[in-house]
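Remarks on the structure that follows.
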Amino acid sequence: FIKLTDLDLAGKRVLIRSDLNVPVKNGKVTSDARITASMPTFEHCMKAGAKVMVMSHLGRPEEGVFSEADSLKPVAETLGAKLGREVRVVRDYLEQAPELADGELVLLENVRFNKGEGKDNADLAKQYAALCDVFVMDAFGTAHRAQASTHGVGQQAPVACAGLLLAEELDALQKALAAPARPMVAIVGGSKVSTKLTVLEALSEKVDQLVVGGGIANTFLAAAGYPVGKSLCEHDLIPTAKALMEKMTARGASIPIAVDVVCGKKFDENEPAVTKGVADVAEDDMIFDIGPKSAQELAEVIAKAGTIVWNGPVGVFEFDQFGGGTKTVSMAIAEAPGFSLAGGGDTIAAIQKYDIYDKVSYISTAGGAFLEYLEGKTLPAVAMLEARAKD
Ligand code: 3PG
């Protein structure tokens with residue numbers, strides 16, 4: 001890639017595509033992690049004396065219409081507080097390029113209000129490109145989308161380079177996946193095998209232990225011949241789960257199966273938790289977490305790992321009585337000497353709940369893009385940057 005730090009930005013019009021798609025409630029940003037992670041790129045460009053325009057999407061509004069609910073104004077407020085100066089939100093940038101002083105930063109209103117954004121429309125991309133001398137792609141969280149503001153603009157801008165956050169994210173992913181320190185352990189949780197099947201398949205080729213958690217684990221328990229009662233379980237995927245387990249065993253790797261589980265009778269905040277041996281799950285039971293013995297076994301696997309990749313909680317951790325497994329796994333990752341990489345929305349929520357933010361080696365800001373990278377897919381925005389580096 002062309003590196004941002006190699007460019008002379010003084011007096012240049014710099015357009016940064018960031019992923020500032022943050023949760024907003026009642027007009028206030030409720031988690032500013034993505035804004036914080038984008039600050040080094042903003043500060044670098046401002047300090048270098050560039051005229052900085054930052055663009056991002058927020059939510060999934062209907063294209064071609066402005067909606068106050070999806071405005072970037074709350075983001076501008078949070079960003080302004082971090083920078084210690086007001087951040088203007090510019091709405092008419094497609095009609096008129098914003099006037100900017102050297103070192104000034106403005107936020108361009110939600111790109112998803114623009115017709116053609118989602119379909120990577122070439123004319124729209126050209127309009128974005130015309131705003132700048134340098135385009136900086138820093139939205140790793142949206143790098144899996146080939147859209148006008150992430151992909152097309154980069155093809156048409158005079159210069160396109162990788163931002164500091166995008167470069168850092170790719171470095172961390174490469175460190176974990178390209179030549180991982182062994183043993184390598186991946187923990188993949190979540191409710192459904194179907195949504196994570198390609199990730200599981202890709203990781204099953206690479207890792208020494210593939211730990212499955214949450215609803216996903218139930219399908220594997222069923223595949224191993226255990227009763228799962230009324231638990232979330234994708235019966236049609238049992239053969240797939242079996243095949244994955246056999247494939248890993250054949251090459252001396254494994255998908256560890258829980259020895260105990262925590263059950264309830266219904267999905268409810270106040271549902272009492274009952275720990276059972278994995279063979280003792282009753283017909284009317286629902287499995288909501290791994291049991292303490294299984295969690296301890298996992299903690300030992302994690303402690304010995306050279307590389308740990310984590311996506312998804314292993315239980316219904318939003319209810320404390322079913323959070324023991326995710327808590328033990330979180331603590332084990334926090335204490336592990338190996339390189340740990342975590343990503344995905346629910347994973348970040350668990351990291352926050354168990355307060356291990358500073359103890360994971362790298363926490364990705366991405367959800368979907370993180371998973372697509374793990375799947376081995378080419379991210380269109382990254383491919384664009386690679387192509388531009390060869391110009
Ligand atoms: C995300 O939150 O995963 C990214 O910001 C991408 O958002 P999208 O799924 O709406 O494209």
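In this chain, residues are counted from 1 in sequence order. Just follow the structure's listing: the first ligand is 1, and inside any ligand the first atom is 1.
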**Fill in**
ring pair (Phe, Tyr, Trp, His ring centres under 6.0 Å) filter on Phe66, not counting sequence neighbours, yields Phe113
Shortest protein heavy-atom distance from [atom], along with the residue and atom involved:
{"atom": "atom 1 (C) of ligand 1", "answer": "Arg34 NH2, 3.5 Å"}
{"atom": "atom 7 (O) of ligand 1", "answer": "His57 NE2, 3.3 Å"}
{"atom": "atom 5 (O) of ligand 1", "answer": "Asp19 OD2, 2.8 Å"}

**Message:** Would you say Asp138 and Ser18 are linked by a side-chain donor-acceptor pair, where the criterion is simply a distance under 3.5 Å?
**Reply:** no
**Asked** With a 3.5 Å cut-off and no angle check, do the side chains of Ser149 and Arg17 form a donor-acceptor pair?
**Response** yes
Which ligand 1 atoms does [X] reach within 4.0 Å, using its non-hydrogen atoms?
{"X": "Arg112", "answer": "8 (P), 10 (O), 11 (O)"}
{"X": "Asn21", "answer": "1 (C), 2 (O), 4 (C), 5 (O), 7 (O)"}
{"X": "Arg145", "answer": "8 (P), 9 (O), 11 (O)"}
{"X": "Arg60", "answer": "8 (P), 9 (O), 10 (O)"}
{"X": "Gly141", "answer": "4 (C), 6 (C)"}

**Request:** Please say whether more than 12 non-hydrogen atoms of neighbouring residues, nucleotides or ligands are located less than 6.0 Å from NZ in Lys82.
**Result:** yes
**Asked** Could you give all pairs that pass the ring pair (Phe, Tyr, Trp, His ring centres under 6.0 Å) test and reach residues 306-344, with sequence neighbours left out?
**Response** Phe267-Phe319, Phe288-Phe322
**Prompt:** With distance as the sole test, does Glu271 use its side chain to make a donor-acceptor pair with the main-chain N or O of Lys265 at under 3.5 Å?
**Reply:** yes
**Item:** Donor-acceptor under 3.5 Å (Glu234 side chain, Lys192 main chain)
**Value:** no
**Asked** Where's the contact between Gln147 and ligand 1, heavy-atom distance under 4.0 Å: side chain, backbone, both or neither?
**Response** neither
